[in-house]
Amino acid sequence: MIPALGWAYLLLLALVGLSGFVLALRHRQSLPWAIARLAAVGVLVWAVLLFCRDAGAGLGFAAALLAAAALLAHKSAVDARDAAQMALPRPARVGVAINGLLMLPAIAMGALVIGTGRGA
C-alpha cells in the first residue's frame with residue numbers, strides 16, 4: 001500500500017513532468033526532447049511506485065533510471081543557465097533550482113529498488 005505522502009510526491013512529480021512538457025511545446029522546443037524528458041519523469045514515477053510497493057528491479061530498469069537521471073540533470077543545468085541569462089529575480093531562480101532538486105528523492109528511491117535485487 002502506498003502511503004499518503006507517496007501519492008502526494010507522485011502527484012508532484014507528474015505535475016512537474018507535465019508542466020515541463022507543456023512549456024517545451026509552448027516555447028516550440030524540440031518535440032522528441034520534450035517527449036524524452038516526459039518519459040524520464042515517468043521512469044522516476046515508476047521508481048517511486050516500486051519503492052513504495054517494496055519491489056525490486058533488474059538491469060533494464062537500472063539503465064532506464066540512469067538515462068532518466070542524466071537527461072533530467074542536463075535539463076536542470078540548461079534551465080539554470082537560461083534563468084541566469086534571462087535575469088530572473090532571485091525567488092524565480094530559487095524556484096528553478098527547487099524544480100531540479102525535486103527529482104533527487106525519486107532517483108534515490110530507484111537506486112534503492114535496484115539495490116534490493118528482487119524481481120531481477
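No experiment lies behind these values; they were computed from the predicted model shown.
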Checklist entry - Which pairs pass salt bridge (charged side-chain N to carboxylate O under 4.0 Å, His left out) with one or both residues in residues 15-43, sequence neighbours excluded? => result none
Checklist entry - Mind checking who shares a hydrophobic cluster with V22, ILVMFWY linked at side-chain heavy-atom distances under 4.5 Å? => result none
Next on the checklist: Please enumerate all residues that pass side-chain contact (heavy atoms from CB on, under 4.5 Å) together with P89, with sequence neighbours excluded.
Outcome noted: P91, A92
Item to check | Qualifying residues under side-chain contact (heavy atoms from CB on, under 4.5 Å), relative to L25, sequence neighbours excluded | outcome: F21, L31
Checklist outcome for this item: side-chain contact (heavy atoms from CB on, under 4.5 Å) filter on F61, not counting sequence neighbours, yields V43, W46, A47, L50, A57, L65, I114
Next on the checklist: For a side chain to side chain contact (heavy atoms under 4.5 Å, CB included) check, start with the C-alpha distance between M103 and V41, then their side-chain angles and the critical distance, and finish with the verdict.
Outcome noted: CA-CA 8 Å; M103 305 298 175; V41 174; 4.1 Å; yes
Checklist entry - What pairs with N99 under side chain to side chain donor-acceptor pair (under 3.5 Å), at least two apart in sequence or on another chain? => result none
Next on the checklist: Between L44 and L112, is there shared hydrophobic-cluster membership here, with clusters defined by ILVMFWY side-chain heavy atoms closer than 4.5 Å?
Outcome noted: yes
Donor-acceptor pairs under 3.5 Å, side chain of residues 69-79 to any protein atom, not counting sequence neighbours: which ones?
{"from": "K75", "atom 1": "NZ", "to": "D79", "atom 2": "OD2", "distance (Å)": "2.6"}

Solution key, residues 3-17 side-chain donor-acceptor pairs under 3.5 Å, sequence neighbours excluded:
{"from": "W7", "atom 1": "NE1", "to": "I2", "atom 2": "O", "distance (Å)": "3.4"}
{"from": "Y9", "atom 1": "OH", "to": "L102", "atom 2": "O", "distance (Å)": "2.7"}
{"from": "Y9", "atom 1": "OH", "to": "A106", "atom 2": "N", "distance (Å)": "3.1"}

Checklist outcome for this item: Rounded to the nearest 0.5 Å, the NE2 atom of H27 sits from the CG atom of D82 at a distance of 10.0 Å
Checklist entry - What is the distance from atom CG of L101 to atom CD1 of I98, rounded to the nearest 0.5 Å? => result 7.5 Å
